[in-house]
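Reviewing the structure listed below.
We're numbering straight along the sequence, starting at 1.
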Amino acid sequence: MLHTREIVQKLWDAQGYGNLAVWEDGATAVIAPGESPERSGKSPLAIFKPIPLVAGFPLLDFATHDNALLEHIETTIREAGGEIERED
């Protein structure tokens with residue numbers, strides 16, 4: 001099961017290093033822009049671009065509590081067929 005705020009944390013950490021690929025089993029990897037990685041023969045559920053998503057927040061805590069950002073991540077994962085939950 002994927003967790004929304006964990007993804008936000010990883011997006012925050014990936015800023016300036018590349019995009020964040022997220023697989024159904026919860027694995028993530030920072031990848032170069034334009035790269036389409038596979039892991040164990042499977043493509044990621046989603047590839048997020050960190051800077052447009054989290055760079056506008058002055059602190060990580062603001063990003064992890066922004067409903068619009070959390071909903072965007074959850075919708076993207078669910079539309080790709082994954083399961084995600086928002087931990088408290």
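- Here the shortest heavy-atom pairing between F57 and A63 reads CD1-CB, 3.6 Å.
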Distance-only criterion, 3.5 Å: show the donor-acceptor pairs between side-chain atoms of residues 30-40 and protein atoms not counting sequence neighbours.
from : atom 1 : to  : atom 2 : distance (Å)
E35  : OE1    : A32 : N      : 3.2
R39  : NH1    : D25 : OD1    : 3.3
R39  : NH1    : D25 : OD2    : 2.8
R39  : NH2    : D25 : OD2    : 3.2

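- Here the OG1-CG distance, from T64 to L70, works out to 7.5 Å after rounding to the nearest 0.5 Å.
- Judged purely by atom type and a 3.5 angstrom limit, R86 has no side-chain atom pairing as donor or acceptor with the backbone of T4.
- Taking H65 as the reference, D61 meet the side chain to side chain donor-acceptor pair (under 3.5 Å) condition, with sequence neighbours excluded.
- Hydrophobic clustering, with ILVMFWY side chains joined whenever heavy atoms are under 4.5 angstrom apart, groups F62 together with V8.
- In this structure, I7 CD1 and T28 OG1 are separated by 8.0 Å, a value rounded to the nearest 0.5 Å.
- With sequence neighbours left out, D66 forms a side chain to side chain donor-acceptor pair (under 3.5 Å) with no residue at all.
- Side-chain contact between T76 and L45: absent, with no pair of heavy atoms (C-beta onward) separated by less than 4.5 Å.
- Using a 4.5 Å heavy-atom threshold, the side chains of F48 and I77 count as touching.
- Listed by chain and residue number, D13 satisfy the side chain to side chain donor-acceptor pair (under 3.5 Å) test with Q9 (two or more places apart in sequence, or in another chain).
- The two residues P44 and W23 have their closest heavy-atom pair at N-NE1, 3.3 Å.
- Residues meeting the side chain to side chain contact (heavy atoms under 4.5 Å, CB included) test with R78, sequence neighbours left out: E74, I84.
- A donor-acceptor pair under 3.5 Å links the side-chain atoms of Q15 to the main chain of W12, judged by distance alone.
- Put simply, I47 and L69 are part of two different groups of oily side chains (I, L, V, M, F, W, Y) that touch within less than 4.5 Å, one to the next.
- No side-chain heavy atom of V22 sits less than 4.5 Å from a side-chain heavy atom of I73.
- Note that the CD atom of E87 and the CD atom of E85 stand 7.0 Å from one another [nearest 0.5 Å].
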